[in-house]
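Since the structure comes first, as structure tokens, the remarks are kept for the end.
Note that the coordinates shown come from a computational prediction; the quantities given were computed from them, not determined experimentally. All chains are named by letter (A, B, ...) in the order of the sequence lines, taking the proteins before the strands, and each is independently numbered beginning at 1.
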Amino acid sequence: MKYDFSAIEQKWQQKWWAEKTFACTEDSSKKKFYALVEFPYPSGQGLHVGHARPYTAMDVVARKRRMDGYNVLFPMGYDAFGLPTENYAIKNHIHPAKVTHDNIENFRKQLQMLGYSFDWDREVNTTDPSYYKWTQWIFLQLWKKGLAYKTTMPVNWCTSCKCVLANEEVVDGVCERCGSPVIRKEKSQWMLKITEYAQRLIDDLDGLDFIERVKTQQKNWIGRSTGAEVVFKSTAGDDILVYTTRPDTLFGATYMVLSPEHELLKKWMPMLKNSEAVQAYQKEAASKSDLERAELNKEKTGVCLDGVKGINPVNGKEIPIFISDYVLATYGTGAIMAVPAHDDRDWEFAKKFGCEIIEVVSGGEDVQQAPFTAKDETGILTNSEFLNGMTVKDAIPVITKWLEDKGIGHAKVNYKLRDWVFSRQRYWGEPIPMIYCEKCGWQPMDESQLPLLLPEVESYEPTDDGESPLSKMTDWVNTTCPCCGGAAKRETDTMPQWAGSSWYFLRYMDPHNDKELASQEALKFWSPVDWYNGGMEHTTLHLLYSRFWHKFLYDIGVVPTKEPYAKRTSHGMILGEGGEKMSKSRGNVINPNDVIAQYGADTMRTYIMFIGDFEKAAAWSDNAVKGCKRFLDRVWNLATDQEHVGEDYSAANEVSIHRTIKKVSEDIEAMKFNTAIAALMSLVNDYYQNGASRGDMKVLLLLLSPFAPHMCEELWELAGYGGQVCLQAWPTYEEAKTVTATTQMAVQVGGKLRANIVVPTGSDDETVVAAALANEKIAKLAEGMELVKSIVVKGRLVNLIFKPKA
RNA sequence: GCGGGCGUGAUGAAAUUGGUAGACAUGCAAGAUUUAGGUUCUUGUGAAGCGAUUCGUGUGGGUUCGAGUCCCACCGCCCGUACCA
């Protein structure tokens, strides 16, 4: 009988989707398990193999957990707002909603062709007004709690998208999406105060089962540092506030640096003798793009202020003040005290500009030759009056206390994390439900009026002046103030792509609710997500943003848990044949549809799981795909060509079966899918060797079914085991039956392998040593020797140490 | 620079976490079946040697009865970050 994968796959998919086999409800008799994968952006290219890896992996886990007896929620949806759709719409004059609809149809079809066990009744789409109504609602709650605000500030501006970007969206100084240069632009923007949650976003990582890489990356991005803020007087009479992580080095501060944007400069300008040079430097710094700034930062630049000096508060010394773009306006106070003896950047700057370098921590090399930056016990304070003789660690609290007592400083924690720039000057996003009234200022829309629908527009093109296309829709823009009833204007910017995905996992719990974003019962039942798999590239974007929103929703009593995701794992990328990144220009893109047509979805699934370590990048190989097809063919032929008698496990296969059940069960949970499949291949090899009973075949189909569900269903039906394989209980094993009666053990002499012996399983050490010495080869080696030591590793090997007889 | 990870046959990779290196596949070779190709099946496949043996997990050293695994130094690759005071 031929393995007609195409007919078999269609048959079972039709049955699953028609009968809603994987639909789930809040059924409290079973333990719940919420498995989540990142929903795709429905691009015009359709699903690619990069999607198939995480989706197949979690589908395998979900299918196995269902068989384990869990009540499994495994949903899918579409993160459909965003630029590619909008750009396609502009080019082809089709409404983005239509483009989105068509792309989603295609994606759903492709996902269904792969046989993923999603509960399709729970599908969500972020561009659906019934969905983004709640995205807008959350924004209003943030606004009410003072966590959303509008401010004018220099922002990242993509020159090609004509749109602002969040810090997280700028990669190497260029736009994460299109690769165009990013420049700084003063714009009025909606911001979300993610910084208010910085400490909690760090602290609460501790209780989570996230892979370590994700935790450290998030911690680094949030970038907590502890230190002190210190007031320096100036000869102009103004105070200059600086932030330092090394207050212990205050006596070594020989100059100061302000960022070129520092506000005191405006006030001081008239009293500066070199104001022209200062202004020229400011202008130059402002015009640099991020990319230029990054490239140029090897060489320090700056201008010394001629006419104003700073005063070091610990010794009253007058020290020069510079401006330089190595000091950032957006971090700390935008001003630093420079301690060239103990900071790499200050040292480099001091060498170039001839500033004094005074050692205040001894223990390193000559500070005139290189800075000494160690913060541990190796450094001892010197040239620092009352701090002399202390270690850096001990000196910090002493000097901090001293500053506090004098009223010129205090301990301070800083974070690298910035507030989230939340508006975009584009059409295809959630409208921000805010109204501006000349009299009343910014006013929220009445919640009962939500959703605020995106209006139909003539052109989706972003405007060159940096305004959203919505700004041209005067009918839509002009409205009345919810507060005073007077004439007012709507906000015309839209939300960033990351808005809809920041809470979608909550909507899956109760996707059709039109009263709340999800009911309390559903939220209590399903929260938190038990296992979330997604890409490393979202660690400081989606994953951080959604943790922030979830914490906010927890604070206002909407969700029952502090954290959205209990466990986070991550998959490696799928590369093209030869190990290069898949791309259209290289022509090495693998389309899942082609693979399915040629080999079937089950082969595709099995291969993508067999390809290698799940967490690491893996290169596609057509030959290896064939190998997996061959494996499934072998299973099919074994099941249909041979006769299988007996419901019990056959004696010849019993040990292999118990071992394989154990291995496959453990490996799926540990995401070691490649070795799980290897174990199944071995089992099939055993069946070919020994023959297989009906019972043997049954357990094979159960174990293989999460990987190759269609074929296993068909063979299950053909064999007449009854019911569907996906609804059966996962097989169990007995530890005692994973061992054979006898065990082969290696015999080493002085650590070198010399022989193999077979002993009864569980033999004690003396028996093993005796058996080893009785071995012909070993006996030969032992001639004229005396056994001085033997090491037995139970069930593995015995190592004998001889020395010549005296 | 800094932080994290990795380096194993011709190739993708395994290795019970200090215990027989190369499981399972791919590729290749020989043979069987076939008119032939394909499929399928069998056998072999780290290197050297007729052989017993010897060597072998990026390089060099160390700890250990025993090291792919632990420690030190170096080389190479990948990812993250980017003047965060």
Side-chain angles (χ1 to χ4, degrees), chain A residues 171-173 212-217 219-221 223-225 227 242-246 249 253 257 259 290 293-294 296-300 324-328 330-339 342-346 348-349 373 414-418 536-537 539-540 572-573 578-579 607 610-613 615-628 630-631 633-634 637 641 662-663 666 672 674-685 688 744-756 777 788-802:
Chain A
V171 177
D172 295 331
E212 225 31 59
R213 282 191 295 163
V214 169
K215 287 191 184 183
T216 47
Q217 221 166 291
K219 278 182 199 161
N220 290 344
W221 186 261
R224 179 193 149 99
S225 69
V242 305
Y243 173 71
T244 177
T245 55
R246 295 290 303 277
T249 61
V257 186
S259 70
D290 283 13
R293 237 177 124 134
L296 294 169
N297 79 32
K298 281 149 207 151
E299 184 78 1
K300 296 272 182 292
S324 172
D325 65 2
Y326 88 89
V327 171
L328 307 173
T330 49
Y331 183 77
T333 61
I336 62 157
M337 63 176 212
V339 185
H342 305 291
D343 181 277
D344 292 321
R345 298 148 301 179
D346 296 346
E348 197 188 319
F349 188 89
T373 58
N414 258 321
Y415 301 92
K416 287 195 228 176
L417 187 70
R418 305 295 143 80
M536 280 308 289
E537 69 276 19
T539 302
T540 54
M573 229 198 304
Y607 172 63
F610 188 61
I611 196 166
D613 187 331
E615 284 192 18
K616 289 195 194 129
W620 187 268
S621 158
D622 280 329
N623 271 328
V625 179
K626 281 180 207 156
C628 287
R630 200 172 295 163
F631 166 58
D633 282 339
R634 273 166 67 79
N637 294 338
D641 292 353
K662 182 178 181 180
K663 179 84 180 143
E666 289 173 356
K672 291 164 80 175
N674 51 339
T675 48
I677 291 167
L680 289 166
M681 289 171 168
S682 285
L683 186 67
V684 170
N685 290 343
Y688 267 94
Q744 182 186 287
M745 288 179 73
V747 183
Q748 293 182 344
V749 175
K752 294 217 174 215
L753 178 67
R754 294 296 169 188
N756 277 299
K777 278 187 201 160
V788 288
K789 194 175 178 187
S790 62
I791 298 116
V792 178
V793 183
K794 235 179 87 200
R796 303 242 129 237
L797 59 73
V798 51
N799 191 8
L800 305 172
I801 316 300
F802 292 104

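With Asn674(A) contributing its side chain and Ile611(A) its backbone, the two residues share no donor-acceptor pair below 3.5 Å. A donor-acceptor contact shorter than 3.5 Å is absent between the side chain of Asn799(A) and the backbone of Ile791(A). No donor-acceptor pair under 3.5 Å is formed between the side chain of Tyr607(A) and the backbone N or O of Lys626(A).
Spacing between U81(B) and U8(B) at atom C1', rounded to whole Å, works out to 30 Å. Between the P atoms of A48(B) and U11(B), the separation comes to 15 Å (whole Å). Taking atom P in both G61(B) and C55(B), the straight-line distance is 15 Å, to the nearest Å. Taking atom C1' in both A13(B) and U63(B), the straight-line distance is 30 Å, to the nearest Å. Between the P atoms of G7(B) and U69(B), the separation comes to 10 Å (whole Å). Between the C1' atoms of G46(B) and C28(B), the separation comes to 14 Å (whole Å). Here the separation of G76(B) from A21(B), taken at their P atoms, is 31 Å to the nearest Å.
In this structure, the nucleotide among A15(B), A25(B), A85(B) sitting nearest to the side chain of Asn685(A) is A25(B). Side-chain proximity of Lys672(A) to A15(B), U20(B), A85(B): nearest is A15(B). Distances were taken from every side-chain heavy atom of Thr675(A) (C-beta onward) to each of C41(B), A23(B), A85(B); the shortest belongs to A23(B). For Asp343(A), taking side-chain heavy atoms from C-beta onward, the closest of the listed nucleotides A85(B), A23(B), A15(B) is A85(B). For Asn756(A), taking side-chain heavy atoms from C-beta onward, the closest of the listed nucleotides C83(B), U81(B), U20(B) is U20(B). For Met681(A), the side-chain atoms get nearest to C24(B) when compared with the rest of C24(B), A23(B), A85(B). Checking U26(B), G4(B), G19(B) against every side-chain atom of Asn623(A), the shortest atom distance belongs to U26(B). In the set G27(B), A85(B), C83(B), the nucleotide with an atom closest to the side chain of Arg630(A) is G27(B).
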Determine, step by step, whether Trp620(A) and Val625(A) satisfy the side chain to side chain contact (heavy atoms under 4.5 Å, CB included) criterion, reporting the C-alpha distance in whole Å, the side-chain angles of both residues, the deciding distance to 0.1 Å, and the verdict. CA-CA 9 Å; Trp620(A) 187 268; Val625(A) 179; 3.6 Å; yes

Taking it one step at a time, do Val214(A) and Met536(A) satisfy side chain to side chain contact (heavy atoms under 4.5 Å, CB included)? CA-CA 7 Å; Val214(A) 169; Met536(A) 280 308 289; 3.7 Å; yes

Could you go through Leu417(A) and Trp221(A), starting from their C-alpha distance and side-chain angles, then the distance that decides it, and tell me whether this counts as side chain to side chain contact (heavy atoms under 4.5 Å, CB included)? CA-CA 6 Å; Leu417(A) 187 70; Trp221(A) 186 261; 3.7 Å; yes

For Tyr688(A) and Asn637(A): C-alpha separation, side-chain torsions, deciding distance, then whether side chain to side chain contact (heavy atoms under 4.5 Å, CB included) applies. CA-CA 10 Å; Tyr688(A) 267 94; Asn637(A) 294 338; 3.8 Å; yes

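Close to U17(B), at under 4.0 Å from its OP1 or OP2, lies no side-chain N or O of Arg796(A). Applying the 4.0 Å criterion to OP1 and OP2 of A85(B), one finds that Ser225(A) has a side-chain N or O inside that range. Residue Arg246(A) has no polar side-chain atom (N or O) positioned under 4.0 Å from OP1 or OP2 of A85(B). For Asn799(A), no side-chain nitrogen or oxygen approaches OP1 or OP2 of G66(B) to under 4.0 Å. Using a 4.0 Å cut-off, some side-chain N or O of Asn674(A) falls inside it from OP1 or OP2 of A14(B). For the OP1/OP2 pair of U64(B) and a distance below 4.0 Å, the side-chain nitrogens and oxygens of Lys789(A) include no atom meeting the criterion. Within the structure, a side-chain polar atom (N or O) of Tyr331(A) is placed less than 4.0 Å from OP1 or OP2 of A85(B).
Among the protein residues, Ser682(A) comes within range of the sugar-phosphate backbone only, with heavy atoms under 4.0 Å from sugar or phosphate atoms but none that close to a base. Residue Gly332(A) is out of contact with every strand shown, counting any heavy-atom pair closer than 4.0 Å. In this structure, Ile801(A) reaches the sugar-phosphate backbone alone: every heavy-atom distance under 4.0 Å involves primed, P, OP1 or OP2 atoms, never a base. Among the heavy atoms of the strands lying under 4.0 Å from Thr244(A) are primed sugar atoms or P, OP1, OP2 only; no base atom is included. At a threshold of 4.0 angstrom between heavy atoms, the contacts of Gln744(A) include nucleobase atoms, whether or not backbone atoms are also involved. Looking at heavy-atom distances under 4.0 Å, Phe610(A) makes contact with a base. Residue-level contact check: Ile611(A) touches the backbone only, with heavy atoms under 4.0 Å from sugar-phosphate atoms and none from bases.
As rounded to whole Å, 14 Å separates atom P of A13(B) from atom CD of Glu615(A). Taking atom CG on Asp613(A) and atom P on A15(B), their separation rounds to 9 Å, with Å as the unit. As a whole-Å value, the separation of Gln748(A) CD from G19(B) C1' is 7 Å. Rounded to whole angstrom, the span from the CD atom of Glu537(A) across to the C1' atom of C78(B) amounts to 16 Å. Taking atom CD1 of Ile791(A) as the reference point, atom C1' of G66(B) lies 7 Å away to the nearest angstrom. Atoms NZ (Lys663(A)) and C1' (A23(B)) sit 9 Å apart, rounded to a whole Å. Going from atom OH of Tyr688(A) over to atom P of C41(B) covers 6 Å, rounded to whole Å. Counting to the nearest Å, the P atom of U26(B) and the CD1 atom of Ile677(A) are 13 Å from each other.
A salt bridge is defined here as a Lys NZ or Arg NE, NH1 or NH2 lying under 4.0 Å from an Asp or Glu carboxylate O, and Arg213(A) with Glu615(A) meets this definition.
Phe610(A) places a side-chain heavy atom less than 4.5 Å from the side chain of Met681(A). You'll find the side chain of Tyr415(A) stays beyond 4.5 Å of the side chain of Ser225(A), heavy atoms only. Contact of the Asn756(A) side chain with the Met745(A) side chain is not registered, since no non-hydrogen atoms from C-beta on lie closer than 4.5 Å.
U17(B): glycosidic angle within 90° of 0, hence syn. Base orientation of G9(B): syn (glycosidic angle within 90° of 0).
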So if I define the base as every atom that isn't primed, P, OP1 or OP2, how would nucleotides 48-56 of chain B read as a B/S/- string at a heavy-atom cutoff under 4.0 Å? ------SS-

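Place Cys628(A) and Thr330(A) on RNA chain B by their nearest nucleotides, and Cys628(A) ends up nearer the 5' end.
The base of C6(B) lies outside donor-acceptor range of the side chain of Lys616(A), with no N or O pair under 3.5 Å.
Looking at RNA chain B, the stems built from 3 or more consecutive Watson-Crick or G-U wobble pairs, each pair with its key distances under 3.5 Å, are B:1-7 with B:75-81, B:10-12 with B:24-26, B:27-32 with B:40-45, B:46-48 with B:53-55, B:58-62 with B:70-74.
The aromatic rings of Tyr326(A) and Phe349(A) are tilted relative to each other, their planes meeting at an angle between 30° and 60°.
Remark: Lys219(A) NZ is packed, more than 12 non-hydrogen atoms of other residues, nucleotides or ligands lying under 6.0 Å away.
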